[in-house]
Amino acid sequence: MRYFSFTDEPAIAPDEFYMNEAIKEARLALDYDEVPIGAIVVCKGRIIGRGHNLTERLNDVTAHAEMQAFTAAANFMGGKYLKDCTLYVTIEPCIMCAGASYWTQISRIVFGAHDLKRGFSRINQQITHPRTEIVSGIMENDCASLIKEFFIKKRNKT
């Protein structure tokens with residue numbers, strides 16, 4: 001008889017685990033024919049906010065996944081600051097969402113794929129809070145493929 005220990009199984013890194021949760025949110029957006037971007041906010045190992053794009057459904061250009069997750073997390077925390085929290089988002093935040101992250105004072109932003117057209121890192125200014133740690137490229141291919149496939153299908157419908 002062979003006994004297995006936890007070390008026999010490959011462990012999933014926390015950033016990958018939580019990015020998978022953000023991808024689940026992106027898939028919810030896809031179900032509603034929204035641009036498939038998902039976000040979650042984690043505090044002390046607990047998901048306290050979730051969001052996915054709702055711009056078409058709500059007819060609101062500000063209803064990005066990050067904004068939805070920030071609002072849910074702030075409501076959970078009972079305050080507007082998200083210190084000691086991490087935002088996981090499938091695509092690099094735009095300038096608006098990065099600016100909102102500044103005001104939340106979030107500790108970390110972890111994103112999957114870069115947004116070469118609208119991502120906040122494309123400008124040469126500090127837009128996130130100076131103490132916010134930025135991590136990119138977590139599950140980048142999985143995150144990017146959701147967006148690419150969405151727009152390929154959109155172009156083929158017309």
Side-chain angles (χ1 to χ4, degrees), residues 14-16 18-44 46-155:
D15 284 347
E16 290 178 0
Y18 291 120
M19 188 59 73
N20 270 315
E21 292 298 310
I23 289 171
K24 288 177 187 177
E25 288 295 320
R27 288 191 178 116
L28 288 174
L30 190 60
D31 290 344
Y32 293 109
D33 203 31
E34 295 272 359
V35 176
I37 299 173
I40 64 166
V41 175
V42 175
C43 186
K44 298 176 183 169
R46 183 174 182 190
I47 298 172
I48 63 167
R50 292 180 174 272
H52 55 272
N53 267 3
L54 292 171
T55 57
E56 299 299 324
R57 211 164 161 208
L58 298 179
N59 199 28
D60 179 357
V61 297
T62 67
H64 290 196
E66 300 95 324
M67 303 299 263
Q68 304 302 314
F70 287 152
T71 299
N75 286 335
F76 179 88
M77 297 288 278
K80 60 187 177 182
Y81 298 116
L82 300 176
K83 294 178 182 178
D84 301 320
C85 295
T86 300
L87 170 71
Y88 289 88
V89 60
T90 55
I91 302 296
E92 177 183 2
C94 70
I95 293 169
M96 174 185 71
C97 294
S101 79
Y102 177 95
W103 295 107
T104 69
Q105 298 180 20
I106 201 152
S107 297
R108 289 178 78 223
I109 297 174
V110 178
F111 65 88
H114 285 274
D115 184 340
L116 301 177
K117 293 181 181 178
R118 294 181 184 87
F120 76 92
S121 66
R122 302 296 159 236
I123 64 168
N124 293 325
Q125 291 183 339
Q126 175 72 44
I127 198 164
T128 59
H129 196 277
R131 290 189 207 111
T132 300
E133 175 190 359
I134 309 293
V135 178
S136 64
I138 303 298
M139 300 183 66
E140 183 172 13
N141 292 335
D142 295 328
C143 294
S145 68
L146 279 170
I147 295 284
K148 287 175 186 172
E149 290 172 19
F150 174 79
F151 283 111
I152 287 169
K153 287 179 184 175
K154 281 286 187 192
R155 281 191 294 273

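In what follows, residues are counted from 1 in the order of the sequence shown.
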Is there a side-chain contact between I134 and F111 (heavy atoms, below 4.5 Å)?
yes
So, the side chain of T128 versus the backbone of A98: is there a donor-acceptor pair under 3.5 Å, distance only?
no
Which heavy atom in F151 sits nearest to a heavy atom in V35, and how many Å separate them?
CZ-CG2, 3.9 Å
d(T62 OG1, M96 CE) to nearest 0.5 Å is 5.5 Å
What salt bridge (charged side-chain N to carboxylate O under 4.0 Å, His left out) pairs are there with at least one residue in residues 92-111, not counting sequence neighbours?
D15-R108, E92-R122, R108-E133
Heavy-atom pair of closest approach, residues A65 and I37:
CB-O, 3.4 Å
Identify, with sequence neighbours excluded, every residue that meets side-chain hydrogen bond (donor to acceptor under 3.5 Å, both in side chains) alongside T86.
none
Non-hydrogen atoms of E25 and I40 that approach each other most closely
CG-CG2, 4.2 Å
To the nearest 0.5 Å, tell me how far I95 CD1 sits from S121 OG.
9.5 Å
Closest approach of A29 to P36 (non-hydrogen atoms, all atoms of both residues)
CB-CA, 4.0 Å
Residue pairs fulfilling salt bridge (charged side-chain N to carboxylate O under 4.0 Å, His left out) with at least one residue in residues 27-40, sequence neighbours excluded
D33-K154
With sequence neighbours excluded, what pairs up with D115 under the salt bridge (Lys or Arg N to Asp or Glu O under 4.0 Å) test?
none
Evaluate the side-chain proximity of S101 to T132: yes if any heavy-atom separation is below 4.5 Å, no if none is.
no
Apply salt bridge (Lys or Arg N to Asp or Glu O under 4.0 Å) to E21 and list each qualifying residue two or more places apart in sequence or on a separate chain.
K24, R50
Just verifying a value: how many Å separate K83 NZ and M77 CE, rounded to the nearest 0.5 Å?
10.5 Å
Inter-residue atom distance C97.SG - M67.CE, 0.5 Å rounding
5.5 Å
What pairs with A63 under side-chain contact (heavy atoms from CB on, under 4.5 Å), at least two apart in sequence or on another chain?
L54, T55, L58, D60, Q68
Using the side-chain contact (heavy atoms from CB on, under 4.5 Å) definition, which of the options T104, L82, V110, V41 pairs with L87?
V41
For A113, what residues pass the side-chain contact (heavy atoms from CB on, under 4.5 Å) criterion, not counting sequence neighbours?
I91, E140, C143, A144
Closest approach of C94 to F120 (non-hydrogen atoms, all atoms of both residues):
O-CB, 4.0 Å
Could you work out, with side-chain contact (heavy atoms from CB on, under 4.5 Å) as the rule, every residue matching R131, not counting sequence neighbours?
H129
Euclidean distance, T90 OG1 relative to L146 CG, rounded to 0.5 Å
7.0 Å
With sequence neighbours left out, which residue pairs that include part of residues 62-81 fulfil the salt bridge (charged side-chain N to carboxylate O under 4.0 Å, His left out) condition?
none
With sequence neighbours left out, the residues meeting side-chain contact (heavy atoms from CB on, under 4.5 Å) with E149 are S145
Checking D84 now: which residues fulfil salt bridge (Lys or Arg N to Asp or Glu O under 4.0 Å) with it, not counting sequence neighbours?
none
Please, which pairs that meet ring pair (Phe, Tyr, Trp, His ring centres under 6.0 Å) have at least one residue in residues 57-96, sequence neighbours excluded?
Y18-Y88
